[in-house]
Protein chains: 2
Amino acid sequence: MGDIPVTVSSIKQAAEFTGLSEDTIRYYEKIGLLPYADRKASGHRTYSKHQLQGMIFLTRLKATGMTLEEMKRFRMLYEKGEASLPERVSILMEHKNRIQNEIDRLLETQKMIDYKIDNYKEVLVNPDLNNKWKSPYAD
Amino acid sequence: MGDIPVTVSSIKQAAEFTGLSEDTIRYYEKIGLLPYADRKASGHRTYSKHQLQGMIFLTRLKATGMTLEEMKRFRMLYEKGEASLPERVSILMEHKNRIQNEIDRLLETQKMIDYKIDNYKEVLVNPDLNNKWKSPYAD
DNA sequence: TCTTGACTTGGAGCGTACTCCAAGTTATAT
DNA sequence: ATATAACTTGGAGTACGCTCCAAGTCAAGA
């Protein structure tokens, strides 16, 4: 006995679930980032829970700076099956490293902003400081 | 006695120092994100250390997701002088919050990637798991 | 049956942030 | 003096990631 395809969602529901717009989902399919979706007899797209979860994962990758091209490459590897697992692992690890670098940069900038806010607050309390003492980033 | 203008850098040196391209610096000036730069008699742009530091600060804001429009607004306030200090502080604090949210999202995604990599590694060790047990994000 | 809303396709258009180019001027090294 | 590099301007073009539209089909309730 074969699997029963559990294709439950319309594109509208998929959009609600993933936070993507319907247009964006169609666009992703058009550029090959998402596989050609199953259609009902009417031609309307239909999505399984599994596919929706895959889409959510893609949105996480996108939200953390992966380009559509890289995501597409990742999906292509997935389609190739198990033999591509090591390469998929290395793509994910590389992306994780990029995320770490991004976090480091964000933390540094937060510090810089704190420093600048402190300067601003000192000037607010004692405006004379504004011209007498200029720190880096004090402008 | 007036200040001696310490305008030392060419646009090329400014580009090297800030990591922006020369074209980008000219573009920023064109859209009003950077003030109209001082020129030498020849018409060539010239930048002071102070201006270079301001540019570096802008690159930090940009690298952490601030749009050129927001940065422009920040600079406009700066031009208005001290009266705009409270508003500048609030812009910076808001941006700092956005950075924090971004950091949180990045950390979450890192966790998700770790989870997925772990699944992949289990499948690599025992390929039978690939079809028998599908976790979320396992595709 | 009729109407309203959801969906389809292909393609055009858009916002952001550059990036490149042409034609001309200025600076510098030999 | 001359060649080469650096710079100027205005404007056109590009890359990415959507977003919108027109014209038509399909679905579901009154």
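Every heavy atom of this structure was used, including side-chain atoms; hydrogens, water molecules and symmetry mates were not. Throughout, a chain's letter reflects where its sequence line sits, starting with A, and its residues are numbered from 1.
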Are more than 12 heavy atoms from other residues, nucleotides or ligands located less than 6.0 Å from atom CD of Gln13(B)?
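Yes.
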
Does anything in residues 19-35 of chain A reach DNA chain D, meaning a heavy atom under 4.0 Å, and if so which residues?
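Those residues whose heavy atoms fall under 4.0 Å from DNA chain D, taken from residues 19-35 of chain A in numerical order, are Asp23(A), Thr24(A), Tyr27(A), Tyr28(A).
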
Tell me, do Leu92(B) and Phe74(B) make a side-chain contact under 4.5 Å, heavy atoms counted?
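Sidechains of Phe74(B) and Leu92(B): in contact.
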
Is any side-chain heavy atom of Glu70(A) closer than 4.5 Å to a side-chain heavy atom of Ile91(A)?
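Sidechains of Ile91(A) and Glu70(A): no contact.
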
Between which nucleotides of DNA chain C, read 5' to 3', does contact with chain B run, using atoms under 4.0 Å from its heavy atoms?
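Boundary nucleotides touching chain B, in 5' to 3' order, are dA17(C) to dA27(C).
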
For Lys40(B), which residues count as a side-chain contact (heavy atoms from CB on, under 4.5 Å) partner, sequence neighbours excluded?
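Lys40(B) satisfies side-chain contact (heavy atoms from CB on, under 4.5 Å) with Ser42(B), His44(B), Thr46(B) only.
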
By side-chain contact (heavy atoms from CB on, under 4.5 Å) - contacts of Thr109(B) (at least two apart):
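Applying side-chain contact (heavy atoms from CB on, under 4.5 Å) to Thr109(B) gives Arg60(A), Thr64(A), Ile99(A), Ile113(B).
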
Could you state the CE-P distance from Met71(A) to dC16(D), rounded to the nearest angstrom?
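Answer to the nearest Å: 14 Å.
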
For Glu22(B), which residues count as a salt bridge (charged side-chain N to carboxylate O under 4.0 Å, His left out) partner, sequence neighbours excluded?
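For Glu22(B) the salt bridge (charged side-chain N to carboxylate O under 4.0 Å, His left out) partners, ignoring immediate neighbours, are Arg26(B).
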
Does Asp118(A) have any salt bridge (charged side-chain N to carboxylate O under 4.0 Å, His left out) partners at least two apart in sequence or in another chain, and if so, which?
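Partners of Asp118(A) under the salt bridge (charged side-chain N to carboxylate O under 4.0 Å, His left out) test: none.
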
Quick one: do the Gln110(B) and Asp114(B) side chains pair a donor with an acceptor below 3.5 Å?
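Absent: no donor and acceptor within the cut-off.
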
What pairs with [X] under side-chain hydrogen bond (donor to acceptor under 3.5 Å, both in side chains), at least two apart in sequence or on another chain?
X        : answer
Glu29(A) : Arg39(A), Arg45(A)
Thr24(B) : Ser21(B)
Glu94(A) : Arg98(A)
Ser84(B) : Arg88(B)

Describe, as an angle rounded to 10 degrees, how the axis at the first end of the helix from dT1(C)-dA30(D) to dT30(C)-dA1(D) is tilted relative to the axis at the last end, five pairs per end.
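The angle separating the two end axes equals 10°.
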
Protein-nucleic acid N or O pairs under 3.5 Å, nucleotides 25-30 of chain D:
| from | atom 1 | to | atom 2 | distance (Å) |
| --- | --- | --- | --- | --- |
| dA27(D) | OP1 | Ser42(A) | OG | 3.2 |

